[in-house]
Protein chains: 2
Amino acid sequence: MNLAYEPHPLIRRLESITDLSQSEKDALLHLPLMLREFAADQVIVREGDHPSESCLVISGMAFRFKMTEDGKRQIMSFHIAGEIPDLQSLHLRTMDHGLSTLTPCKLAFISHRSLRSLFQQHPRLSEVFWRETLIDAAIFREWVVNVGRRPAPARMAHLLCELFLRHKAVGLVTDHAFEFPITQSEMADALGLSNVHVNRTLQELRARGLIGEQGHLLKILDWEGLKQAGEFDPTYLHQEPGDEAA
Amino acid sequence: MNLAYEPHPLIRRLESITDLSQSEKDALLHLPLMLREFAADQVIVREGDHPSESCLVISGMAFRFKMTEDGKRQIMSFHIAGEIPDLQSLHLRTMDHGLSTLTPCKLAFISHRSLRSLFQQHPRLSEVFWRETLIDAAIFREWVVNVGRRPAPARMAHLLCELFLRHKAVGLVTDHAFEFPITQSEMADALGLSNVHVNRTLQELRARGLIGEQGHLLKILDWEGLKQAGEFDPTYLHQEPGDEAA
DNA sequence: CGATACGTTGACGGAAATCAACCCCGGTGG
DNA sequence: CCACCGGGGTTGATTTCCGTCAACGTATCG
């Protein structure tokens with residue numbers, strides 16, 4: 001099955017972190033995909049599941065999360081077009097967290113079988129996907145720092161910087177603005193804050209002239225200022241193509 | 001170069017998460033290693049470095065960390081014998097964090113070149129090491145939850161549960177007790193707390209009869225109670241050998 | 001023996017949680 | 001058509017957990 005999207009979001013994403021040969025791109029284009037549409041706030045994969053396929057985000061936003069016993073939720077990552085949030089299930093049988101849509105999403109399911117066969121035919125692609133999961137891990141590390149050691153305004157600013165650059169890397173930024181469908185409660189669950197405090201912190205960032213909002217769009221008004229406020233160093237995103245070891 | 005240690009700590013570690021064939025074990029035993037000894041609190045790899053080798057912990061404890069601009073430190077993981085804390089540098093050229101010894105350590109450096117050639121000859125081993133980095137990521141995710149959503153006593157208890165099980169998986173637990181060289185300040189930097197609060201939290205856990213300490217040993221007095229206090233679910237450690245997808 | 005690192009205790013302050021209203025807006029059904 | 005509803009956002013009052021500061025104890029070591 002082929003995709004009507006041009007360019008293929010997965011290829012766009014992978015090319016933001018590495019170089020791809022034509023035959024590798026061809027192989028990726030011919031990966032068998034099961035397209036499905038999800039409404040907002042639908043659980044895609046449940047904690048405890050044993051998936052036999054992984055899920056590529058074609059459009060919309062998804063997130064990974066865990067619940068604590070007293071019903072609190074921690075969001076551990078947000079995912080945009082071109083990413084495969086549960087790629088790890090290829091080598092970890094049991095889901096240790098949930099995956100859910102945030103907005104309505106177009107998702108493409110890829111069976112582990114076809115991934116394995118892809119890697120067999122293109123061993124370098126298996127390194128590229130490995131690299132992809134390593135970047136995932138690098139982002140988690142940075143989130144540990146963020147929730148562990150930064151006060152609320154810096155924490156917020158840091159998250160916004162990350163989301164901005166990740167959108168930019170796949171061409172989803174125009175005029176320093178990008179689609180921002182995350183509610184304040186969801187930000188709270190991602191940052192380890194209360195929704196009330198998220199609200200006040202956002203007001204502070206707006207008042208400091210760092211960001212502005214128009215409807216679903218988030219606009220970065222002062223990139224340098226925002227980076228500074230969030231102590232943001234983009235190294236951990238490992239975005240430069242050609243960055244991987246020879 | 002061969003190791004005087006029996007069994008090889010790397011093999012013991014990998015066998016705690018997967019099954020290894022005899023030829024795979026042989027190949028691992030013949031990996032060329034550069035043994036070096038480090039004193040306590042020595043930086044092994046610096047943030048920003050471009051390593052051409054990765055480092056296997058033979059004995060002692062190491063940790064990964066980042067510094068924030070105002071000089072605060074966040075520890076992101078602890079590592080014990082058999083683990084390769086900077087395996088990710090195989091596919092991520094730039095270190096986005098530091099790696100340091102906690103105690104005096106015996107370390108074995110493995111060049112990326114020999115890892116690549118090992119994976120070429122034993123493709124399944126590359127999946128095993130990939131799996132290893134995925135478990136790493138799963139632990140980071142759990143740490144995000146821990147620092148983001150749990151109050152200090154639960155946070156502490158959760159960390160102790162994790163360290164206990166990881167030591168147990170490689171045979172480093174006797175009589176519910178294991179070597180515990182982490183100072184209270186270091187725990188503070190791992191948990192996103194102050195050293196003072198760590199001190200008080202530890203006293204609370206001792207007073208509740210959950211743990212006891214004798215010198216460098218930490219003893220789990222009430223495993224069920226500690227698990228409950230930390231909302232601990234070991235799924236995320238993915239320890240069962242045979243757990244990986246066929 | 002003093003130096004130093006680690007652990008412990010008390011007093012105080014502050015960042016963020018909680019609780020509780022209230023507003024705004026889009027959807028929907030009587 | 002308008003009333004009602006519910007989700008998201010906003011605000012103020014109050015509480016609490018945890019940080020900071022500062023002092024002191026204790027053990028190890030050169």
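All values reported here derive from a predicted model rather than from experimental measurement. Throughout, protein chains are lettered first and strands after them, A, B, ... in sequence-line order, and every chain is numbered starting at 1.
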Base of dG7(C), side chain of Arg200(B) - is there a donor-acceptor contact under 3.5 Å?
no
Would you confirm whether Thr183(B), through its side chain, and Glu186(B), through its main-chain N or O, come within 3.5 Å as a donor-acceptor pair?
yes
Mind checking if Arg206(A) touches a base, just sugar-phosphate, or nothing, with heavy atoms under 4.0 Å?
sugar-phosphate
Side chain of Pro153(A) - closest among dA16(C), dC18(D), dA20(C):
dA16(C)
Report the distance from atom CG of Leu193(B) to atom P of dA15(C), rounded to the nearest whole Å.
17 Å
Nucleotide dG19(D), atom C1' - distance to NE2 of His197(B) in whole Å:
9 Å
Identify whether any heavy atom of Arg149(A) sits under 4.0 Å from a base atom; if not, whether one sits that close to sugar-phosphate; answer base, sugar-phosphate or nothing.
nothing
Would you indicate which nucleotide in dC18(D), dG7(C), dG9(D) comes nearest to any side-chain atom of Asn199(A)?
dG9(D)
Is the distance from OP1 or OP2 of dG7(C) to the nearest side-chain N or O of Gln203(B) less than 4.0 Å?
no
Would you call the rings of Phe180(A) and Phe178(A) parallel, tilted or perpendicular if under 30° counts as parallel and over 60° as perpendicular?
perpendicular
With Arg36(A) via side chain to side chain donor-acceptor pair (under 3.5 Å) - residues at least two apart:
none
Expressed as a whole number of angstroms, how long is the span from Asn195(B):CG to dT8(C):P?
11 Å
In whole angstrom, give the distance that lies between atom CE of Met156(B) and atom P of dC17(D).
18 Å
Could you please name the option among dC18(D), dT10(D), dT8(C) that lies closest to any side-chain atom of Gln184(B)?
dT8(C)
In whole angstrom, give the distance that lies between atom NE2 of His216(B) and atom P of dA5(C).
17 Å
Select base, sugar-phosphate, or nothing to describe what Ser194(A) touches, counting heavy atoms under 4.0 Å on all strands.
base
Rounded to whole Å, the CG-C1' distance (Asp189(B) to dC6(C)) equals 14 Å
Suppose we screen for side-chain contact (heavy atoms from CB on, under 4.5 Å). Which residues come up paired with Asp49(B), at least two apart in sequence or across chains?
Val45(B), Arg46(B), Pro51(B), Met95(B)
Looking at the side chain of Val196(A), which of dC19(C), dG9(D), dG7(C) is the nearest nucleotide?
dC19(C)
